[in-house]
Amino acid sequence: MTRPLVRIRNLHKQFGSHTVLDGVDLDLAEGSVTAILGPSGSGKSTLLRCINHLERPDRGYVEVGGEIIGFRPDGNRLRERSPREIAAQRARIGMVFQHFNLFAHRTAAENIVEGPLAQGVPVRTARARASELLARVGLAGRDDAYPSQLSGGQQQRVAIARALAMDPALILFDEPTSALDPELVGEVLSVIKDLAATGITLAIVTHEIGFAREVADQVVFLEDGHIIESGDPATVLQHTQSERARAFLAAVL
Amino acid sequence: MSPVAASLASAKTAESPDATTTRPIPSPEPRLVARRRPGRWAGVVAGLVLAAMVVNTLLTNPNFQWSIVGDYFLSDAILRGLVLTIWLTAAVLVSGYLLGVAVAAMRLSDNPVLSTVSFGFVWLVRSVPPLVQLLFWYEIASLYPRLSLGIPFGPEFVSFQTAHLFSAVAAAYVALSVDVAAFAAEIVRGGILAVPRGQVEAAESLGLSRFRVFRRVILPQAMPSIIPASGNLLIGMLKATSLVSVIAVQDLLGTTELIYNDNFKIIPLLLVATLWYLLLTTLLSIGQHFLERHFGRSTRVGTSSGWWRTWGAGLRIFPGRRDLEVTR
């Protein structure tokens, strides 16, 4: 394995006086799947949101594909980039949200073409691609359905297709199944599992331990803004070192 | 016959016209009948009686002088006033909303200078009655007889007399635009704040520019809450243009005042103005209805059945099973 696609170094983030991330270091190898576990409030989502600069770190940096996200190196300083540059960086990183966040006023296909259209892809090409992507996530022919006409699982699969439409090298999943009825979790996980085999790098914040064990190459356990365990799933999940992580796993399994 | 077929057959019988006049045919599945609403029928009767009384007095009271209303309704002077009212409303609407959206954007900006300026503007304009603002703009020459362009506290480049700056119509246009801008800003701001944060984050994560996020994601979703309030504001604005008659602008009301001051036919001329305002407001309300339908398309389930069907269904004009379908 060569240079990691994502390198996170000494990342800190505070909200007011509350420290959410307290020096996180993490590498994501190209094409790997990383599951980020941890109790709520441990900073999992914030860590993920720093990777595409939805949150601005207070210290440290995130590097994706050799480029620092949100900042431009200038001598010994990192200067925040312009909104236009940040948008261009985000366009290369997919994100899937816990609550899907599909554009409620647009159909499934319109949701998917929104990103490509902003990049100047012709409407016809983008539309055809959207239909293909819908078929790929098991929603062939649902191009004209509005989000309100789709189940939670279907909406999340449209959201994944929307992220894929940008041909990202990296997709971030922020608890993609936490807002779903139990019977709909499987359909979304199976789509993510298919993606894992395609060589796209995935970072998944999840509480689905079984899924993490099956699909992830790397499992990271976050607690109070620190990574307290990390490694391959077998090691972290079966030979858990820390008391805190063991207690958490016992509670969610 | 299978049980399913049997219940389908009995449902068919229940829907036939004589099912409401004869006793229901016993069937395995009882029919659901919506609650009757006798009070509503009483309301309709009372309403019709009142309406008849109003029509009667309108037609028989000679003081309304309908023939004079007819004489003036389409007269040149009134139509000229009407045209002024319409274009003043339109011009104020456009400039008021352009300014209002800008003020709302400033208020929501994370730049503290812009948001403070915006807050101050809205506070000041909303606190002063529009009539007072109108008079201030009209009398600006007494406040600042001379305006000049130059370096603050330094030399002047150009200067001009304010007396020539604002005609009565221009003062009306500026005063009303500023007033509308303050209220429009609050309406637009409320609409933008009603769009869930996640929608913006989803758009940002796709790499959309800030302007594109605003135009393609925020604004269309803010519209459903902006339109009803804006319809209200616009109709209020249309009527508020009648304030300009105070500074001798010949709008619809100003013209009627001018005529009745001359011939003392006060009531019929006020009726002329009233009828025109009614007509304009009705047209605006219809436009608002269609705009709301346009922007509500993604959230509406099924097709709307029209207000007359809903109204009829509320009275249970359509008996039995269909009521439940219509009002569901």
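Of residues 188-200 of chain B, those residues lying under 4.5 Å from chain A by any heavy-atom pair are Gly198(B), Gln199(B). Residue-level contacts of residues 211-230 of chain B with chain A, in order of numbering, are Arg212(B), Arg216(B), Val217(B), Pro220(B), Gln221(B); threshold 4.5 Å between heavy atoms. Listed by sequence position, Pro83(A), Ala87(A) are the residues of residues 78-88 of chain A in contact with chain B, using a 4.5 angstrom heavy-atom cutoff. Residues of residues 118-130 of chain A placed with any heavy atom under 4.5 Å of a heavy atom in chain B are listed by number as Ala118(A), Gln119(A).
Looking at Ile93(A), the atoms closer than 4.5 Å to chain B (heavy atoms on both sides) all sit in the backbone: N, CA, C or O. With a 4.5 Å cut-off on non-hydrogen atoms, Leu172(A) does not touch chain B at all. For Arg162(A), the parts lying under 4.5 angstrom from a heavy atom of chain B are both the backbone and the side chain. Interface residue Phe103(A): backbone and side-chain heavy atoms are both found under 4.5 Å from chain B.
Leu54(A) and Glu204(B) get closest at one heavy-atom pair: CD2-OE1, 3.6 Å. The two atoms that bring Ala202(B) and Phe97(A) nearest to each other are CA-CE1, 3.6 Å, heavy atoms only.
The environment of Phe290(B) atom CZ is sparse: at most 12 non-hydrogen atoms of other residues, nucleotides or ligands sit within 6.0 angstrom.
Atoms CD1 and OG, on Ile51(A) and Ser205(B) in that order, are 13.0 Å from each other to the nearest 0.5 Å.
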